[in-house]
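For reference, the structure discussed in these notes is given below.
Values below: every heavy atom of this structure, side chains too, minus hydrogens, waters and symmetry copies.
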Amino acid sequence: MCGIAGWYSPARDLVHERATAEAMTDTMALRGPDAGGVWLRPRVALGHRRLAVIDLEGGVQPMVVDTAGGEVALTYSGELYNFRELRDELRRRGQHFTTASDTEVVLRSYLEWGEAFVERLNGIYAFAIWDGRTERLLLVRDRLGVKPLYHYRLGDDVLFGSEPKAILANPEVPRTVDLAGLREAFSWIRTPGHAVWRGMSEVRPGTFITADRSGVRERTYWELEATAHEDDTDTTVERVHELLSDIIRRQLVTDVPRCTLLSGGLDSSVITAFAQRELGTTEQIRSFSVDFAQHGERFTADRFRDSPDAPFAREVAERSGTLHTNVVLDAMRMADPEVRRAVVGARDLPTGFGDADNSLYLLFQEIRKGSTVALSGESADEVFGGYKWMHDPAAQNADNFPWVDHTHVTSPHTGIDVFTPELRASLDLPEYIRQGYRDAVARAPRLAGERGLDARMRTQMHLHLTRYMRILLDRKDRLSMAAGLEVRVPFCDHRLVQYVFNTPWSMKTFDGAEKSLLRAAAREELPRSVIERRKAPYPSTQDPAYTGELLRQASDVLADGGHPVQELTDTRVLKEVLGRRPEDVSPAHRTGLERWLDIATWLDIHRPTLQLA
């Protein structure tokens, strides 16, 4: 996994822009700590930072093939899980390889099949190809949008990068965020293509963009489709098991140490158990979970969590035979301003999941000491229907995104209204979210003849797969890559997603529980306690020392009269919370404090120009 950056210009001579190309590429150093380089030609500059995972010696980038018609170059971030099969096929078709890397498979696939090559790729990727034969740039993103890719129009030029910070490093790009960007940042709905920074866009999942002298064009090569599901329940469960086995077998391929993330929930337990089964006795895979100091003694059940994770993770590790490590984090370490700064800097956004982001980043740092690749259970809830609100009749029938109502931690309504009344009125988040919901529903595919709850939940699943999942995948990518760790997400294999998307809701819940198909497919692999365990989100610390440190930091920032966050803040509301003892701060108020500190940190790091009118 790596970081990429670049610049296309139909008129400038970019050979003279080495300093800028290097500055853009250097912002990706955490994503690619092992090597880096830039490749310059008059019309294009390609930059690459490498995290070496496959063919450690041979996969150097940007990678170039000199053809009879001109040079074809690639800067690539990602993993291709079917690269071995493609390489064999390409060799039979006459392509010659000089490395064992999946990077060269991508490049030679393009040489063999042109733009149609994207249909053959199975993996997570974001890359740019410069075709010197036609002087055309091609930007490509994987089907589910696991790996990020952004672009920016600078007149007739196109800038691109794995993260916004790569584009913002170009001195000609203004660091401007307007009301539209703030609405997107604070709404928790992740509109496809929206990048928050004014003028910047995401390459949409399953899409490629071409740029040449005739302009910039976009084409979608894959999206979810509604098709009739013909398999009965037993056949469907068997097919899910087969797919997961194949997916995990492919995603275990690496030339560096690998591990799994194991919380003790169903999703991560499935990944861990299947991975160890695939490896058999040849390797005892490492598994990692996160816990908090004194969490067991202090744990209190709430509406999100019935029980702590650690006992379930240990049980899965013992049954599967993994080499398990429980990473225990201290509350003060999670509240460290430097950790917050690293997390917010990785996200390039002012909104996150509070201490859950900080602890995840620290977990990834600890894992990176011994492993370079980790397999995660991310996105199983979106694929199989795991969230509690999905099974709430009120949420099923509400005309809104179910994760943004007043009861869920991801809601913009959760927390305290730290913004000034004037800014809240200008943002008008309720209307922005309503319009986003209408637009999302209009894009959801429908199956002819499908009615009632199955039809309603098909739309709901599409909302989660195209909006909510994007938030979580981006979070997982940014925080892991900031630690130089590649996290793979088997549940995002497009074959599995497409297959399960088209199973009716009645089949997804055939035994009366959430994620029925996944539970049934893994029943023989996991302890009964895990199979029957209710959904629990990523853990959050309950230590009042963490809240106390938030209060202290917020007081310090508020006392800094020159801090740019002041013009956004309703100080009366904030001061009322700051006057409380840590044990008297409600979970909603703590969330508000975390978000306010994230905003302050984001403003401090990026110093954007805010256009609030």
Side-chain angles (χ1 to χ4, degrees), residues 141 144-145 148-151 164 176-207 218 220 223-224 226 347-353 379 381-383 385 387 389-390 392 394-415 417 419 423-446 455-475 497 501 591 595 598-599 602 610-612:
R141 193 173 182 198
L144 274 299
L149 184 58
Y150 295 82
H151 63 106
T176 302
V177 177
D178 55 19
L179 282 173
L182 290 178
R183 290 185 186 110
E184 182 67 19
F186 298 142
S187 63
W188 291 91
I189 61 174
R190 189 52 62 86
T191 306
H194 207 304
V196 174
W197 298 89
R198 185 175 178 181
M200 193 182 300
S201 301
E202 268 194 316
V203 177
R204 297 170 186 258
T207 297
E218 177 180 281
T220 297
E223 58 188 343
L224 282 168
R347 288 198 314 250
D348 287 330
L349 290 174
T351 52
F353 290 83
S379 301
D381 289 310
E382 291 82 5
V383 175
Y387 292 112
W389 59 69
M390 289 176 167
D392 178 355
Q396 289 173 342
N397 293 288
D399 290 328
N400 197 1
F401 297 103
W403 60 87
V404 299
D405 72 15
H406 286 73
T407 65
H408 300 128
V409 72
T410 52
S411 172
H413 310 298
T414 301
D417 289 327
F419 296 138
L423 179 56
R424 294 203 304 271
S426 297
L427 288 172
D428 194 6
L429 288 181
E431 177 54 31
Y432 184 77
I433 293 168
R434 281 193 294 269
Q435 184 58 53
Y437 175 78
R438 290 191 289 266
D439 293 343
V441 169
R443 292 185 62 86
R446 291 165 175 78
R456 178 69 179 174
M457 292 310 295
R458 179 183 294 277
T459 298
Q460 283 262 12
M461 297 299 290
H462 193 263
L463 297 181
H464 283 81
L465 290 166
T466 59
R467 266 63 175 181
Y468 190 53
M469 191 168 78
R470 294 289 323 113
I471 298 171
L472 299 179
L473 287 176
D474 199 52
R475 168 186 183 242
V497 174
F501 174 68
T591 298
R595 291 182 178 174
D598 279 357
I599 294 166
W602 176 70
L610 298 179
Q611 294 185 348
L612 305 180

Could you pull out all residues at least two apart from Thr459 that satisfy side chain to side chain donor-acceptor pair (under 3.5 Å)?
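With sequence neighbours excluded, Thr459 shows a side chain to side chain donor-acceptor pair (under 3.5 Å) to no residue whatsoever.
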Of all residues at least two apart in sequence or in a different chain, which pass the side chain to side chain donor-acceptor pair (under 3.5 Å) check with Asp178?
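So Asp178 forms no side chain to side chain donor-acceptor pair (under 3.5 Å) with any residue.
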How many angstroms lie between CG in Leu429 and CZ in Phe186, if you round to the nearest 0.5 Å?
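Reported value, rounded in 0.5 Å steps: 8.0 Å.
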Is there a side-chain contact between [X] and [Y] (heavy atoms, below 4.5 Å)?
{"X": "Pro148", "Y": "Asp474", "value": "yes"}
{"X": "Arg458", "Y": "Arg446", "value": "no"}
{"X": "Ser379", "Y": "Leu473", "value": "yes"}
{"X": "His464", "Y": "Pro402", "value": "yes"}

Run the numbers on Asp348 and Tyr150 for side-chain contact (heavy atoms from CB on, under 4.5 Å), then give the verdict.
CA-CA 12 Å; Asp348 287 330; Tyr150 295 82; over 6 Å; no
Quick one: list whatever passes ring-ring contact (aromatic ring centres under 6.0 Å, His included) with Phe401, sequence neighbours left out.
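Checked Phe401 against ring-ring contact (aromatic ring centres under 6.0 Å, His included); matches are Trp403, Tyr437.
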Quick one: list whatever passes side-chain contact (heavy atoms from CB on, under 4.5 Å) with Pro205, sequence neighbours left out.
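By the side-chain contact (heavy atoms from CB on, under 4.5 Å) rule, Pro205 matches Arg141, Arg470.
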Applying side-chain contact (heavy atoms from CB on, under 4.5 Å), name anything that partners Asp439, two or more places apart in sequence or on another chain.
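Applying side-chain contact (heavy atoms from CB on, under 4.5 Å) to Asp439 gives Gln435.
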Got a sec: does the CZ of Arg443 have more than 12 other heavy atoms crowding it under 6.0 Å?
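Counting neighbours around CZ of Arg443, 12 or fewer heavy atoms of other residues, nucleotides or ligands fall under 6.0 Å, so no.
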N/O donor to acceptor pairs below 3.5 angstrom from side-chain atoms of residues 189-197, sequence neighbours left out:
{"from": "Thr191", "atom 1": "OG1", "to": "Glu184", "atom 2": "OE1", "distance (Å)": "2.9"}
{"from": "His194", "atom 1": "ND1", "to": "Val196", "atom 2": "N", "distance (Å)": "3.2"}

Pair Met461-Leu224, side-chain contact (heavy atoms from CB on, under 4.5 Å): steps then yes or no
CA-CA 11 Å; Met461 297 299 290; Leu224 282 168; over 6 Å; no
Checking side-chain contact (heavy atoms from CB on, under 4.5 Å) for the pair Ile599/Thr351: CA distance, chi angles, key distance, verdict?
CA-CA 7 Å; Ile599 294 166; Thr351 52; 5.6 Å; no
Quick one: does Thr466's side chain have a donor or acceptor within less than 3.5 Å of a partner on His462's backbone?
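Yes, Thr466 side chain to His462 backbone: donor-acceptor pair under 3.5 Å.
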Starting from the C-alpha separation in whole Å, work towards a yes-or-no answer on side-chain contact (heavy atoms from CB on, under 4.5 Å) for Asn400 and Arg434.
CA-CA 7 Å; Asn400 197 1; Arg434 281 193 294 269; 5.6 Å; no
